[in-house]
Amino acid sequence: MRYWLLKSEPEEFSIADLERVGVEPWTGVRNYQARNYLRDAMHDGDGVLFYHSNARPPGIVGLARVRGEAYPDPTQFDPASPYHDPGSRPEAPRWMLRDIAFERRLRRCITLDELRAAADRLGDFPLLRRGNRLSVLPVTAAQWQTILDLENR
DNA sequence: GCCAACGTTGGC
DNA sequence: GCCAACGTTGGC
């Protein structure tokens, strides 16, 4: 079992949206490193920290779970989609996704400021690295536990 | 709205 | 393969 952090802009898709739909195909990732995490490194049942980016304040707002296996992101073949990729062929899909299942909201938002303040306990946390823009990030078991502990402080 | 960081594109 | 131009991310 591994752990991940997924970023989402709440104006695009928030934790409330995930709670409402229950399970969401994580479409639109168009970065190769993030794609590799989704396609190769994730496993059914992995834990997910749900992070609101471009939010005020930015922070972790909920928990979710990876559901099932990787499969082609259908939006890459949809000319009407903003995620359309005319260079991707159905017989060799470039972009893969996973379904993400709602688990629960956190009792409160654990803000980016708070995560920075806990940097000594978190160690090398990819979200806190300068200039990081990846929307899918690996989280260690120790970091996962540290963040859950923060929730109850 | 600004801008730093950084991935991608494309000319050469 | 280099690298300048460009586009995007995302905090502020």
Side-chain angles (χ1 to χ4, degrees), chain A residues 2-21 24-42 46-66 70-100 102-140 142-144 146-151 153:
Chain A
R2 300 190 195 190
Y3 302 93
W4 306 93
L5 182 145
L6 291 185
K7 294 180 189 173
S8 188
E9 302 194 16
E11 292 199 4
E12 293 291 318
F13 190 83
S14 70
I15 189 67
D17 294 322
L18 185 61
E19 181 171 28
R20 179 169 45 76
V21 298
E24 176 73 5
W26 207 251
T27 57
V29 172
R30 295 293 181 269
N31 170 284
Y32 284 101
Q33 192 177 348
R35 187 279 310 270
N36 293 346
Y37 284 143
L38 284 170
R39 185 187 63 184
D40 307 327
M42 277 186 182
D46 282 357
V48 171
L49 300 170
F50 197 97
Y51 178 87
H52 278 172
S53 61
N54 265 323
R56 286 200 295 215
I60 297 166
V61 292
L63 302 182
R65 202 168 281 284
V66 175
Y71 62 97
D73 180 342
T75 64
Q76 70 196 304
F77 306 122
D78 177 2
S81 168
Y83 304 124
H84 181 230
D85 180 355
S88 182
R89 315 294 306 273
E91 60 272 24
R94 189 176 285 170
W95 307 109
M96 305 290 279
L97 55 65
R98 300 266 176 170
D99 287 345
I100 301 300
F102 178 81
E103 192 91 355
R104 68 175 176 87
R105 294 200 197 210
L106 296 191
R107 287 179 35 243
R108 59 192 189 80
C109 176
I110 300 174
T111 65
L112 182 57
D113 280 347
E114 210 175 336
L115 293 168
R116 289 203 183 104
D120 56 333
R121 267 165 294 155
L122 287 168
D124 184 22
F125 195 55
L127 185 74
L128 301 180
R129 282 187 210 145
R130 227 167 101 82
N132 155 67
R133 298 185 306 162
L134 267 191
S135 62
V136 181
L137 296 170
V139 174
T140 68
Q143 288 162 347
W144 174 274
T146 299
I147 286 163
L148 291 192
D149 290 345
L150 285 175
E151 182 191 11
R153 288 209 310 178

[X] side chain N/O closer than 4.0 Å to the phosphate oxygens (OP1, OP2) of [N]?
X	N	value
A:Lys7	C:dG10	yes
A:Arg116	C:dC12	yes
A:Tyr83	C:dT8	no

Going by the angle between their ring planes, with limits at 30° and 60°, are A:Tyr3 and A:Trp144 parallel, tilted or perpendicular?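 Rings of A:Tyr3 and A:Trp144: tilted, 30 to 60°.
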Using only heavy-atom distances, determine whether the side chains of A:Asp17 and A:Ser14 contain a donor-acceptor pair under 3.5 Å.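 The criterion, which ignores hydrogens and geometry beyond distance, is satisfied for A:Ser14 and A:Asp17.
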Taking only the side-chain heavy atoms of [X] (C-beta and beyond), determine which of [options] contains the nearest atom.
X	options	answer
A:Asp113	C:dG11, B:dC6, C:dC12	C:dC12
A:Leu112	C:dG10, C:dC12, C:dT8	C:dC12
A:Ser53	B:dT8, B:dC6, C:dG11	C:dG11
A:Arg133	C:dT8, B:dT8, C:dG11	C:dT8

Nearest-Å distance, [atom1] ([X]) to [atom2] ([N])?
X	N	atom1	atom2	answer
A:Gln33	B:dG7	CD	C1'	11 Å
A:Tyr32	B:dT8	OH	P	7 Å
A:Asn132	C:dG10	CG	P	7 Å
A:Asn54	B:dG1	CG	C1'	13 Å
A:Arg129	C:dT9	CZ	C1'	17 Å
A:Trp95	B:dT8	CH2	P	7 Å
A:Asn36	B:dG7	CG	P	13 Å
A:Leu128	C:dT9	CG	C1'	16 Å

Report, as yes or no, whether the 6.0 Å neighbourhood of atom CZ on A:Arg56 holds more than 12 heavy atoms from other residues, nucleotides or ligands.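 Count not over threshold, so no.
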Taking only distance into account, with no hydrogens and no angle test, what donor-acceptor pairs under 3.5 Å do side-chain atoms of residues 79-88 of chain A form with protein atoms, sequence neighbours excluded?
{"residue": "A:Ser81", "atom": "OG", "partner": "A:Tyr83", "partner atom": "N", "Å": "2.9"}
{"residue": "A:Asp85", "atom": "OD1", "partner": "A:Gly87", "partner atom": "N", "Å": "2.9"}
{"residue": "A:Asp85", "atom": "OD1", "partner": "A:Arg94", "partner atom": "NH1", "Å": "3.3"}
{"residue": "A:Asp85", "atom": "OD2", "partner": "A:Arg94", "partner atom": "NH1", "Å": "2.9"}
{"residue": "A:Asp85", "atom": "OD2", "partner": "A:Trp95", "partner atom": "NE1", "Å": "2.8"}
{"residue": "A:Ser88", "atom": "OG", "partner": "A:Gln76", "partner atom": "OE1", "Å": "2.8"}
{"residue": "A:Ser88", "atom": "OG", "partner": "A:Arg94", "partner atom": "N", "Å": "2.9"}

Salt-bridge present (A:Arg30, A:Asp73; N to O < 4.0 Å):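 Salt bridge present between A:Arg30 and A:Asp73.
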